[in-house]
Amino acid sequence: MFRPTRLLSLGVLALLGSGLDSPAVGRSPETSDPSFQEVIDVDIVNVEVFVVDKRGRPMGGLSRGDFQLFVDGKPVSLTNFLAVEDGLRYPESRTVTSPDQSTVLPPSPRTARGEKAQGSDPLHLVIYVDSLNSRPAGRQRSLEQLQRFVRKRLWPGDRVMVVDYNQSLGVRLPFTTDHQAVEQALEEILATPALGMRLDRVRKETLGLATQDDCEQAGFVARNYATQTYAQAEASYFALQSLVGSLAGIPGVKALLYVNDGLQMRAGEEVFVRLAGLCPGLNQSLMAMPADYDLSRTLGRLTAHANSNRVTMFPLEAIGITTYSSSDIEIGPRTNPMTAQQFDSSVAPTWAENDPPLNVGGPGTEEAILDQIFTAGRQGSLTYLARQTGGQAVLNANNLLPDLNRIDDQLRNYYSLGFQPIRQEHSGRIHRLAVRVAQPDLQVVYRQSFADLTWSERTADRLRSLVAYGGNWDNPLDLEVETLGSEKLNHGLYKARLRLRVPVAKLLLTSTVQGRLTGNLELFMTSQDVDGNRSDVKQFSLPVAYSASRVEEQPDLGFVHNLDVTLRAESRTLGVALLDQGAATAAFVNHEITPSVD
């Protein structure tokens, strides 16, 4: 049976720096597979545009002149244009522009129909199953239909990865063209619990306690529930963003089928609305509280990051069609959230796993209104993810296959508009995009923004990608990593002492009036064990300072840092990146550790 890859923690016990020059070993190995190689400094931004006619059919035959692209409301000239029709690429030659962006040469004619462009990229499809935030019946139906979609619709060369999230992120199957293995990975996820109904129970209990008998205590109950749901949603989005970051090094367009039931944009909003109606004296303060649990910023950063890495999201609402019931909410909770321990989704539920999703009232009742607020909030997050990244959200559907077929059409038929930003500051700023098409009665779908990722964000994403999928471990700084020793700890952990060295001559240092040379390095580390379990990337700032005379007298001087890392398994691979902020240059090293512990 396949053992899923999990994201684990990487602990750094101490970071010890010195300016001593010492020998080191552990130079980064070269890999033979360059399929995922991608440079950090990408000065061309590509915007994929899906165009359909009034009947929703993909519209082909458009050319560069049919499109206008706007960045932050200002028109930009296209430097690249590519049409993809039925999976075949028809490029036009790169545009040559004058320095003031005013003169554009006419595009060259397309290649003959059916002729693929040289170096065409296969489809990279990620099936991301959020089991923590999905109900059992809906997830089962969705995954079974996804298995049929994979079997009937995908092309032989399509590369698919299967990921599941259940409090931790697990790669069930890395990218593969073996679609039978994809179906098997989905089958294995079906054998694991879907935990979305657990938060339903907590929500029902909280609504049962939200009474006017003690408004202050009820307000505390509401805030406790909102805090729990906010934390769970934020952790879920952070896991998703980590995966999106790891896809940076994969060429071309990436699509992510996101299976879950949606997370509220404002955690606990319906509970605050109920209390505001029950406690008029606290109405104003209660109605303002949802703003404290607003996930809009988190979602905004996630989608901008996805857009920068050309990841299009297609959320699939697993729960399907929901109806209102006449169930009660005043039966009373099993436990009082005021006195109970923090909600633990790792404990098996005591109610039937196949119960229908919680609906707290019939149409027209107060409970139905609260349920509509809850549903609108979770569906709103799915719609936002799709719209911002140029995808489609599938909502209120028990049969996903027609929509999956339309998603497949979008991935095989689109236009790619490339432009060069006038200024790239790598400040992390989010820029807004807009696309207009000249022909009437056409609808366009495209990503709404892109983030000018900082050098730190780019480096972290590249490191995630290299550790996850392999590629070219570039090392322009001649970074060296050495294991000095290791020590066994309790609970199956061990501590490894590492030494990092980089030649000072490779760094860009700035002179000061005191006759010193200074610079700033950033260290990035992630780990992977023998089963492929990975930690998220940890980041540290390393200041550099030397006297100018010392650097001049010692041309072979090396900047050295020692550090201790705590690891969970006895055999690990470390992915290490070092970014010279002054030169905007990053080095990447893949270092093997075999601890010598008793």
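- By the 4.5 Å heavy-atom criterion applied to side chains, E270 and Q264 are counted as neighbours.
- Within the 3.5 Å criterion, the main-chain N or O of N309 finds a donor-acceptor partner in the side chain of K254.
- R406 has no carboxylate O lying under 4.0 Å from a charged side-chain N of D409, or vice versa, which leaves the two without a salt bridge.
- R464 has a carboxylate O that lies under 4.0 Å from a charged side-chain N of D461, or vice versa, which qualifies the two as a salt bridge.
- Salt-bridge annotation for R462 and E457: absent, with no side-chain N of the basic residue lying under 4.0 Å from a carboxylate O of the acidic one.
- Looking at D158 and R153, no side-chain N of the basic residue comes within less than 4.0 Å of a carboxylate O on the acidic one, giving no salt bridge.
- Side-chain atoms of N260 never come within 3.5 Å of backbone atoms of N133 as a donor-acceptor pair (strictly under, hydrogens ignored).
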**OP:** In sequence, state the C-alpha distance, the side-chain angles, and the governing distance for Q232 and L132, and then conclude on side-chain contact (heavy atoms from CB on, under 4.5 Å).
**Re:** CA-CA 9 Å; Q232 179 168 314; L132 182 63; 3.8 Å; yes
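- Distance alone, capped at 3.5 Å, places no donor-acceptor pair between the S131 side chain and the A194 backbone.
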Subject >> Worked verdict on Y128 versus L316 for side-chain contact (heavy atoms from CB on, under 4.5 Å) >> reply: CA-CA 10 Å; Y128 187 110; L316 310 177; over 6 Å; no
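- Within the 4.5 Å cutoff, no side-chain heavy atoms of Y414 are placed close to those of P58.
- With hydrogens and angles ignored, the 3.5 Å screen pairs a side-chain donor or acceptor of S308 with a backbone N or O of A451.
- At least one donor-acceptor pair closer than 3.5 Å links the side chain of N307 to the backbone N or O of Q388.
- Salt-bridge formation is not detected for the pair D261/R139: no Lys NZ or Arg NE/NH1/NH2 atom is positioned less than 4.0 Å from an Asp or Glu carboxylate oxygen.
- Shortest non-hydrogen contact noted between S142 and A318 is OG-CA, 3.3 Å.
- We find that R378 and E317 are joined by a salt bridge, their nearest charged nitrogen and carboxylate oxygen being less than 4.0 Å apart.
- Aromatic ring orientation, F450 versus H431: parallel (interplanar angle below 30°, classes split at 30° and 60°).
- In this structure, R148 contributes its side chain and L143 its backbone to no donor-acceptor pair below 3.5 Å.
- Closest of all the heavy-atom pairs between M313 and V244 is CE-CG2, 3.8 Å.
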**OP:** Check the pair V84 / Y415 against side-chain contact (heavy atoms from CB on, under 4.5 Å), numbers first and verdict last.
**Re:** CA-CA 6 Å; V84 177; Y415 300 89; over 6 Å; no
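- Checking L125, L146, V150 one by one against V182, the side-chain contact (heavy atoms from CB on, under 4.5 Å) holds for a single residue, V150.
- Aromatic pair Y469/F175: centroids less than 6.0 angstrom apart.
- The pair D452-R429 does not count as a salt bridge, with every side-chain nitrogen at least 4.0 angstrom from each carboxylate oxygen.
- Side-chain atoms of D536 and T526 form no donor-acceptor pair, as typed in the model, at a separation below 3.5 Å.
- One N or O on the side chain of Q147 and one on the backbone of E183 form a donor-acceptor pair closer than 3.5 Å.
- A salt bridge is absent between D408 and K152; no separation between the charged side-chain nitrogens and carboxylate oxygens falls under 4.0 Å.
- Nearest heavy atoms, R203 versus D371: NH2-OD1, 3.5 Å.
- Classified by interplanar angle (parallel below 30°, tilted 30° to 60°, perpendicular above 60°), the ring pair Y293/F272 is parallel.
- Closest non-hydrogen pair, G300 versus I430, comes out as O-CD1, 4.2 Å.
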Original post:
Hey, mind stepping through V202 and T229 against side-chain contact (heavy atoms from CB on, under 4.5 Å) and telling me if it holds?
Top reply: CA-CA 10 Å; V202 177; T229 54; over 6 Å; no
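- Summarising the geometry of L154 relative to H179, their closest heavy-atom pair is CB-CE1, 3.8 Å, with the distance given to 0.1 Å.
- A salt bridge between R432 and D72 is absent, with no side-chain N of the basic residue lying under 4.0 Å from a carboxylate O of the acidic one.
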